[in-house]
Amino acid sequence: MAASQSQSIQTLLEAEKEAAKVVQQAREYRVQKLKDARAQATKEIEEYKTLKEAQFKAFEASHAGNTQSAQAAVDKETDIKLKEITASYNKNRNEVVQKLLDRVVLVKPELHRNLKKIGQP
């Protein structure tokens, strides 16, 4: 009976060791799966980031051309307006100076309208 008990205890110990091995393998498997999942997630994040950066670069490039062409059009229009204003200035400069001189130099002395009313009976 002692041998039978000893053999039963030995069997239980072997089963316990086997169970410990199975549990350890399960833990290692779980850790490995977590590492694999993290690596896969990191890879997917990098791919998504690369995709979004490419989309942004394409968007930026398509709109940068519009900005440059709009700026060129505005610059051209500004030059045209500036030339028109300069031409108008050169054309009317002498006339305006003459009108200003006439107003300043040619003065007709006369009494102020309020003073005229007081002086009249």
Side-chain angles (χ1 to χ4, degrees):
M1 190 159 166
S4 168
Q5 283 183 348
S6 176
Q7 189 178 6
S8 295
I9 292 174
Q10 189 65 26
T11 306
L12 285 174
L13 287 174
E14 288 176 11
E16 188 177 326
K17 285 181 185 178
E18 189 66 30
K21 283 183 184 178
V22 169
V23 168
Q24 182 61 31
Q25 287 177 347
R27 285 183 182 153
E28 289 174 1
Y29 179 76
R30 188 187 82 202
V31 169
Q32 186 61 39
K33 283 294 186 181
L34 285 173
K35 286 181 182 177
D36 291 346
R38 282 189 188 121
Q40 182 66 26
T42 303
K43 182 180 173 186
E44 288 178 9
I45 289 170
E46 286 300 319
E47 289 174 358
Y48 185 74
K49 184 178 177 183
T50 304
L51 173 70
K52 286 299 178 182
E53 284 179 0
Q55 288 175 349
F56 175 72
K57 293 287 184 189
F59 177 80
E60 188 177 45
S62 69
H63 286 76
N66 291 342
T67 304
Q68 290 173 351
S69 63
Q71 183 64 38
V74 167
D75 289 343
K76 184 177 179 182
E77 185 178 336
T78 302
D79 288 341
I80 291 171
K81 290 287 186 182
L82 186 60
K83 287 177 183 175
E84 288 176 3
I85 291 171
T86 304
S88 176
Y89 164 76
N90 287 332
K91 178 182 171 190
N92 298 319
R93 174 177 56 185
N94 293 332
E95 229 176 278
V96 171
V97 169
Q98 189 59 45
K99 284 183 180 180
L100 286 172
L101 286 175
D102 288 347
R103 292 288 180 180
V104 171
V105 175
L106 301 176
V107 177
K108 292 182 181 178
E110 57 184 44
L111 293 175
H112 192 271
R113 64 178 180 248
N114 291 337
L115 189 56
K116 287 181 185 178
K117 289 182 182 178
I118 294 173
Q120 291 178 354

Q. Within a strict 4.5 Å, meaning less than it, do heavy atoms of the E53 and K49 side chains meet?
A. yes
Q | Chi angles and distances behind the side-chain hydrogen bond (donor to acceptor under 3.5 Å, both in side chains) call for Q55, K52 | A | CA-CA 5 Å; Q55 288 175 349; K52 286 299 178 182; 3.2 Å; yes
Pair [X], [Y]: side-chain N/O donor-acceptor within cut-off below 3.5 Å:
X   : Y   : value
Q24 : E28 : yes
D36 : Q40 : no
Q71 : D75 : yes

Q: Could you check E47 against L51 for side-chain contact (heavy atoms from CB on, under 4.5 Å), going step by step and ending with a plain yes or no?
A: CA-CA 6 Å; E47 289 174 358; L51 173 70; over 6 Å; no
**Q.** Reported CG-to-NZ distance for the pair N94 and K99, which is rounded to 0.5 angstrom
**A.** 12.5 Å
Q) If only atom types and distance count, is the side chain of S88 paired as donor or acceptor with the main-chain N or O of E84 below 3.5 Å? A) no
Q. Has R103 got more than 12 heavy atoms of other residues, nucleotides or ligands less than 6.0 Å from its CZ?
A. no
Q) Would E18 and E14 count as a side-chain contact (heavy atoms from CB on, under 4.5 Å) if you check the C-alpha gap in whole Å, the side-chain angles of each, and the deciding distance to 0.1 Å? A) CA-CA 6 Å; E18 189 66 30; E14 288 176 11; over 6 Å; no
